[in-house]
Student: 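Questions regarding the structure given below will be posed in turn.
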Amino acid sequence: SEYGFVRVEPKGFKDYGIWAEKNGYGMYGKPKYPYRITFSESVLKIDGIYIEEIKRGQKLNEEIDRLKSDKSQANAGDLWDSL
């Protein structure tokens, strides 16, 4: 909050159920975090970029795995043909 990345909004007791885990009843639920956190636009933009880069990395890893599989199959075929 000091640097403007997040804004913390305190909630009253009546809003306890919003942030209580459901493993308890009423006020006996285990608290997650007692305040609502709102992220700045710059943090949300960076988060979106980060998620897109993760997706891109996952696609590249899938392609690498496919190429490794293709190479293994080709090597097995070459070995079989040499017998």
Student: Roughly how far, to the nearest 0.5 Å, is the NZ atom of Lys59 from the CG atom of Asn61?
Tutor: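 Here the interatomic distance stands at 13.0 Å.
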Student: Name each donor-acceptor pair under 3.5 Å that joins a side chain in residues 67-74 to protein atoms two or more places apart or in another chain, with its distance.
Tutor:
residue : atom : partner : partner atom : Å
Asp70   : OD2  : Arg66   : NH1          : 2.7
Ser72   : OG   : Lys68   : O            : 3.1

Student: Between atom OG of Ser42 and atom CG of Asp47, what is the distance when rounded to the nearest 0.5 Å?
Tutor: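 Interatomic distance, Ser42 OG to Asp47 CG, rounded to 0.5 Å: 11.0 Å.
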Student: Taking transitive links into account, so neighbours of neighbours count too, which hydrophobic residues share a cluster with Tyr50 at under 4.5 Å side-chain distance?
Tutor: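 ILVMFWY cluster around Tyr50 also holds Ile54.
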Student: Would a 4.5 Å heavy-atom cut-off, applied to side chains only, mark Ile49 and Glu52 as touching?
Tutor: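 Side-chain contact under 4.5 Å: no.
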Student: Considering residues, nucleotides and ligands other than Glu53, do more than 12 of their heavy atoms fall under 6.0 Å from its CD?
Tutor: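 Count over threshold, so yes.
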Student: Which distance, rounded to the nearest 0.5 Å, do you find between the CD1 of Ile46 and the CZ of Phe5?
Tutor: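 Separation between the atoms: 7.0 Å.
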